[in-house]
Amino acid sequence: MSRLNSREIEPKWQKIWDDAAVFRARRDPEKPKYYVLEMFPYPSGRIHMGHVRNYTLGDVIARYKRATGHAVLHPMGWDAFGMPAENAAMREGVHPGVWTRQNIADMRDQMKPLGFSIDWSREFATCDPEYYGQQQRLFLDFLEAGLVARKSAVVNWDPVDMTVLANEQVENGRGWRSGALVERRELTQWFFRITDFSDDLLAALDGLENWPDKVRLMQANWIGKSRGLQFSFEVVDGPEGHAALEVYTTRPDTLLGASFAAISPDHPLALKLAETNGDLATFAEECRRIGTSEEALETAEKRGFDTGLRVRHPLDPDWTLPIWVANFILMDYGTGAIFGCPAHDQRDLDFARKYDLPVIDVFKSSADAPDVIDEAYVPPKTQSVTFVRPLDGGPDMTGTEAIDRAITFAEGRGLGEGVTKFRLRDWGVSRQRYWGAPIPVVHCERCGVVPEKRENLPIRLPDDVDISIPGNPLARHPTWSQTTCPVCGGPARRETDTMDTFVDSSWYFARFTSPDADTPTDPEEAGYWMTVDQYIGGVEHAILHLLYSRFFARAMHQTGHLPATAVEPFAALFTQGMVCHETYSIPGPEAEGQKRWFAPDEVKRTEAGATVIETGEPAVIGPSIKMSKSKRNTVDPVDIVEQYGADTARWFVMSDSPPERDVEWTAAGADAAWKHLQRVWRLADEIRADPDGPEDEALLRTVHRTIDAVTVRRSASSSGPSGSARISSASLQTR
RNA sequence: GCGGGCGUGGCGGAAUUGGUAGACGCGCCGGAUUCAAAAUCCGGUUCUGGUGACAGAGUGUCGGUUCGAGCCCGACCGCCCGUACCA
C-alpha cells in the first residue's frame with residue numbers, strides 16, 4: 001500500500017498541466033464560457049495565507065467549471081503600482097521598478113507550487129508600459145467623452161517635507177516622516193465624473209442578485225441618494241456677495257426647530273469673513289489641521305466659532321439665527337452649510353449644548369416627546385409636520401411623506417425647492433507620486449491644458465529618478481516634463497501627476513480578455529469573455545474598488561471598449577473571510593507599545609501556554625487576529641507547502657471554516673487536513689488494489705449521494721463558493 | 001462619529017428558519033492492534049456537582065414579545081472591515 005507523497009505528485013502533475021497548457025483559456029463556440037477571477041495581488045514580495053484562500057476558492061470553481069464543460073478563463077496578474085514601492089525605495093535605495101519586478105518574480109515562484117489552474121500566458125503587471133499605455137488611452141477617450149473634469153481638491157500637505165501625504169501617512173495629525181503638523185491644501189486635480197452615473201450605479205444594484213446583500217447595502221449608503229429641501233437664508237447685513245446662505249436639509253419638517261446656522265470652515269462665506277477676522281482665520285486654520293479623512297473629521301471634537309452674523313428664519317422674518325463656523329460641516333456635501341436643529345439631530349445637539357444654543361422640540365405635541373431632551377430624537381410613527389400642518393390643514397403623517405409634504409409646501413411658498421442629492425463625490429485620480437501611470441496631458445502656455453496625441457502613448461515613466469527624498473520625483477526631474485505642445489508645437493510641460501492606483505485595478509479584468517491587444521480591449525474577446533461570472537476577494541474592497549470598477553465598465557462601454565452586456569463587470573461577487581492566527585508576545589518593561597512579538601515558528605505551543613523556543617521565556621497568547629507583519633502572526637504558505645504539500649494548505653483553508661467567514665490557522669488544523677488527505681489517498685488506494693474485484697456498492701452509493709448533494713446545493717445556492725464550501729463538508733462525511 | 005458585519009463547547013461550526021442547543025469534523029481522553037511507535041479501528045467528550053442513575057446551568061450582556069427564543073423586538077458591550085490619497 002502506498003502513501004500520499006505530495007512532494008513527488010504535486011510537481012509531477014503541475015509539470016504535466018504546464019506542458020499540455022491545459023489551463024490556457026480558449027474561446028470555444030461549442031461551450032458555454034465561464035470567467036472566474038480573484039482580486040489580483042499587490043506584489044508585496046511574499047504571498048500569504050489570505051492569497052492562498054482567495055486563489056483556492058477561485059481555483060475550485062475554475063476546475064469545477066472546466067469539468068462541467070465550460071470554456072474557462074482564470075487569469076492572474078499584478079496590481080503593481082503604489083506607495084510601498086516608493087517607500088521601499090526611500091528606505092533601501094532600490095528603484096521602485098526593480099523592487100516591484102523582483103517581488104513579482106518571487107511571488108510567482110511562491111504561487112506556482114500551489115498548483116492553481118491559472119492561465120499564466122495572460123499574466124501582466126499594471127506597471128507594464130503596455131498596460132498603463134492603454135490606460136492612458138482610456139483616459140484620453142474618457143476626456144474626449146466628457147467623463148473627465150479638472151477642479152480643485154483638498155490634500156494633506158506636509159510643510160516640512162514639502163510633499164502631499166496619503167491619509168495613511170498622517171499619524172495624529174502629523175506627517176509620519178517629518179512629524180510636522182499636517183495642513184490641508186487645495187490643488188487643481190483631475191477627476192473622473194463618477195457622479196454622472198450616481199443614479200444608474202445605485203439603481204443597478206438591484207440587479208446584482210449574486211452579490212452579497214451587505215455589499216449592495218454598503219454601496220447604496222455610499223452613493224447616498226437623498227431627497228431634501230434646498231433653500232436660502234437671508235443674511236442680515238451680509239458682506240458683499242453673501243446676501244443669501246444656501247442650505248440643504250433632508251429634514252425640512254424640523255425647520256421650526258432651527259436654532260443656528262452652521263457653515264464649513266472652507267465655505268466661501270467663512271473664507272470671506274476670515275479675511276478681516278483674525279480669530280476666525282486662526283480657528284479655520286486649526287480646523288484644517290485635522291486632516292482630510294472623513295473619519296478624522298467626524299471623530300474630532302465638535303468645535304465652532306460664532307461669526308456674529310445672523311440669518312432670518314425663512315418662516316418668520318423677525319426671527320434671526322446666529323451663523324457659526326463649525327468643524328463638522330463638510331464642504332464636500334450639500335452646500336457646505338446647514339441649519340442646526342439640536343432637538344432632532346445628535347451632532348447639532350452636542351454642538352448646542354457646548355455653545356449654549358437653544359433646543360427647540362418641534363414634535364412636542366407628539367406622544368413620543370420626552371420632557372427633557374437628553375438625546376436628539378425623531379418620533380417613530382406619526383409625526384406632525386409642525387410648520388406645515390397648521391398652514392395646509394392636512395393630517396399628521398409618517399417620515400418620508402412628512403418630508404415630501406414639507407418640500408411641496410416650501411416649493412408652493414417659493415421658499416426653496418426639492419432637490420435630490422448624492423453623497424457620492426467625483427473620483428479624484430491625481431496623485432503627486434512617481435510610481436503610477438502618468439496622466440497623459442500637457443500644459444502649454446499658449447494652448448492651456450491639452451491631451452497628448454494617442455500615437456505618443458505610452459507616456460513612459462523615466463527610470464533615472466531620485467527617490468531618496470520625499471516629494472514627486474517626476475516634478476523635480478530635470479528633463480522629463482519638458483515636451484512640445486501637441487497642438488501648437490511650442491515648448492510645453494508634461495503633467496507630473498500620476499493616476500490613483502485604483503484606476504489600474506478598475507479595468508484589469510477587461511484587459512485579461514485580450515492582454516496583448518494594441519487597443520485597451522479586443523472587442524471580439526471582450527464580447528466573448530465579459531462579464532466576469534464570479535469575482536472573489538476581500539470585503540475590504542466592498543465600496544471603492546468595486547464601485548470604481550462599475551463606473552469604469554460604464555465609461556468603457558460609452559467609449560466603445562466594452563459591450564453593453566458588460567456594464568456590470570462582475571455578475572457574481574463573493575467576499576471571503578480573513579485568515580487569522582493567535583499572537584504571541586512578551587510585554588516590555590514599559591507600556592503597550594513595548595511588546596515584543598513572536599512568530600508562530602519561534603514559539604513552542606503546549607496546552608499550558610507558549611514559550612519562546614530560543615530563550616525559554618513564557619509568551620502571552622493573544623487572540624486570533626488577521627495575519628499581519630506587525631503582529632508577526634503569519635504562517636508562510638511556502639513553509640506549509642514544503643512540509644505538507646499544497647493540497648494540505650488548500651484543503652485546510654477550504655474546509656476549516658465557511659469561506660465567507662474568518663478562518664483561524666492552527667498547526668493542529670493543518671495536521672488534521674494532512675491526515676484527511678492521507679485517508680482519501682488510502683481509500684482510493686484500497687480500491688485500486690483490487691481492480692478486478694466486485695465494486696464496493698456501499699462506497700459507490702456514498703459517492704453518488706455525495707455528488708448529488710453537492711450538485712443540488714450548488715444550484716440552490718446563489719453564488720458559487722458557498723456551494724463549493726458544501727463540497728468540503730459533504731466529502732468529509734464520506735465513509 | 002458614520003456605514004456594514006460578526007459574537008453558540010477546548011477549536012471550526014450545525015440547528016430543517018420560533019419547537020429536544022451543540023449535527024458533522026478537528027483536538028483531547030480511554031481502549032484495541034503493535035516488540036515499540038506511526039498509521040488504522042472502537043468508545044467517550046458543553047459546563048458544574050455526583051462512582052452512578054441523575055440534578056442544575058448554558059448560545060456576548062440586560063430587558064421584552066411568546067405556551068416556547070441561538071433565531072423576533074429594544075438597549076448595550078466587545079471585536080473586525082470601510083470611511084473617498086493603503087492596497
Side-chain angles (χ1 to χ4, degrees), chain A residues 1 3 39-44 79-85 87 126 153-157 163-170 187 189 191 194 212-224 291-302 328 330 332 346-347 350 380 423-433 436 497-502 504-505 537-548 575 577-578 580 582 607 623-626 652 655-658 660-673 675-676 678-679 682 725 728-734:
Chain A
M1 188 186 289
R3 292 187 65 189
M39 292 179 184
F40 67 163
Y42 177 79
S44 60
D79 189 13
F81 277 134
M83 286 204 310
N87 295 338
T126 56
V154 179
V155 296
N156 300 306
W157 178 258
T163 186
V164 177
L165 299 177
N167 285 334
E168 196 190 46
Q169 299 172 318
V170 179
L187 296 182
Q189 310 210 39
F191 285 80
I194 188 171
D213 287 342
K214 62 176 174 180
V215 174
R216 291 197 284 175
L217 183 58
M218 278 191 267
Q219 291 221 349
N221 288 338
W222 186 261
I223 295 167
T292 63
S293 80
E294 187 190 333
E295 194 247 343
L297 287 169
E298 290 282 342
T299 52
E301 186 199 356
K302 309 265 174 294
F328 62 93
L330 306 175
D332 284 320
Q346 190 57 43
R347 284 183 309 180
D350 295 342
R423 207 184 75 96
L424 184 64
R425 310 197 299 253
D426 277 333
W427 174 14
V429 297
S430 298
R431 297 292 181 271
Q432 298 69 41
R433 287 178 225 294
D497 283 358
T498 52
M499 287 186 231
D500 179 8
T501 55
F502 271 118
D504 312 335
S505 56
V539 72
E540 67 271 20
H541 293 292
I543 297 174
L544 294 181
H545 163 60
L546 291 165
L547 194 61
Y548 292 152
T575 55
M578 297 178 303
C580 301
E582 60 184 21
E607 206 146 329
S624 184
I625 54 174
K626 180 182 182 176
F652 180 76
S655 64
D656 193 66
S657 287
E660 69 275 15
R661 291 248 211 134
D662 291 352
V663 60
E664 185 186 0
W665 183 277
T666 58
D671 221 46
K675 275 189 200 168
H676 176 81
Q678 295 287 352
R679 207 170 296 145
R682 199 177 59 245
S728 331
S729 46
S731 306
L732 277 169
Q733 287 159 30
T734 303

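No experiment lies behind these values; they were computed from the predicted model shown. Chain A is the first sequence line, chain B the second, and so forth, proteins listed ahead of strands; every chain is numbered from 1.
B:A15 sits 11 Å from B:U59 when the C1' atoms are compared, rounded to a whole Å. Taking the C1' atom of each, B:U20 and B:G25 are spaced 22 Å apart, rounded to whole Å. When the P atom is used for both B:G78 and B:C62, the distance is 16 Å, rounded to whole Å. The C1' atoms of B:C11 and B:U17 are separated by 26 Å, rounded to the nearest whole Å. Only the C1' atoms considered, B:U83 is 30 Å distant from B:C73, to the nearest whole Å. Comparing B:G56 with B:C41, their C1' atoms sit 37 Å apart, to the nearest whole Å. B:G22 sits 15 Å from B:C71 when the C1' atoms are compared, rounded to a whole Å. Between B:G9 and B:G60, the two P atoms lie 8 Å apart (nearest whole Å).
When all heavy atoms are compared, the tightest approach of A:N156 to A:A166 is ND2-C, 3.9 Å. Between A:Q432 and A:D497, the shortest heavy-atom distance links the atoms NE2-OD2, 3.3 Å. Smallest separation of non-hydrogen atoms from A:F328 and A:K302: CD2-CD, 3.5 Å.
The base-pairing partner of B:G9, taking Watson-Crick or G-U wobble contacts with both distances under 3.5 Å, does not exist among the strands shown. When Watson-Crick and G-U wobble pairs are counted only if both distances are under 3.5 Å, B:A14 pairs with no nucleotide at all. Nucleotide B:G30 is matched to B:C42 when pairs are restricted to Watson-Crick or G-U wobble geometry with both distances under 3.5 angstrom. Base pairing of B:G3: its partner is B:C81, meeting the Watson-Crick or G-U wobble criterion (both donor-acceptor distances under 3.5 Å). Nucleotide B:A75 forms a pair with B:U61, judged by Watson-Crick or G-U wobble geometry with both contacts under 3.5 Å. Pairing of B:A55, defined by two Watson-Crick or G-U wobble distances under 3.5 Å, is identified with B:U48. The base-pairing partner of B:G70, taking Watson-Crick or G-U wobble contacts with both distances under 3.5 Å, does not exist among the strands shown.
Using a 4.0 Å cut-off between charged side-chain N and carboxylate O, A:E660 and A:K214 make no salt bridge. We find that A:D350 and A:R347 are not joined by a salt bridge, their nearest charged nitrogen and carboxylate oxygen being 4.0 Å or further apart.
The residue A:A672 sits close only to the backbone: its heavy atoms come under 4.0 Å of sugar-phosphate atoms, none of a base. Contact annotation for A:D662: backbone-only contact, meaning every heavy-atom pair under 4.0 Å involves sugar-phosphate atoms and none involves a base. When heavy atoms are screened at a 4.0 angstrom cut-off, A:K302 is found touching no nucleic acid atom at all.
The distance between atom CG of A:D671 and atom P of B:A39, rounded to the nearest whole Å, is 9 Å. What separates NZ of A:K675 from P of B:C41 is a distance of 11 Å, to the nearest Å. Rounded to whole Å, atom C1' of B:G3 lies 17 Å from atom CD of A:Q346.
Between A:R661 and B:G7 there is a side-chain polar atom (N or O) within less than 4.0 angstrom of OP1 or OP2. In this structure, A:N221 reaches the B:G4 phosphate: one of its side-chain N or O atoms is under 4.0 Å from OP1 or OP2.
Applying the 90° cutoff around 0 to the glycosidic angle, B:U17 is assigned syn. Nucleotide B:G9 is shown with a syn base, its glycosidic torsion being within 90° of 0.
A:Y548 and A:W427 have their aromatic ring centers within a separation under 6.0 angstrom.
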statement: Its contact letters, B for base, S for sugar-phosphate only and - for none at protein heavy atoms under 4.0 Å, make nucleotides 81-87 of chain B read SSBBBSB
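Judged purely by atom type and a 3.5 angstrom limit, A:D79 has no side-chain atom pairing as donor or acceptor with the backbone of A:P43. A donor-acceptor pair is defined here as one N or O able to donate and one able to accept, closer than 3.5 Å; no such pair exists between the side chain of A:R431 and the backbone of A:D500.
A distance of 9.0 Å separates CD of A:Q219 from CG of A:L544, quoted to the nearest 0.5 Å.
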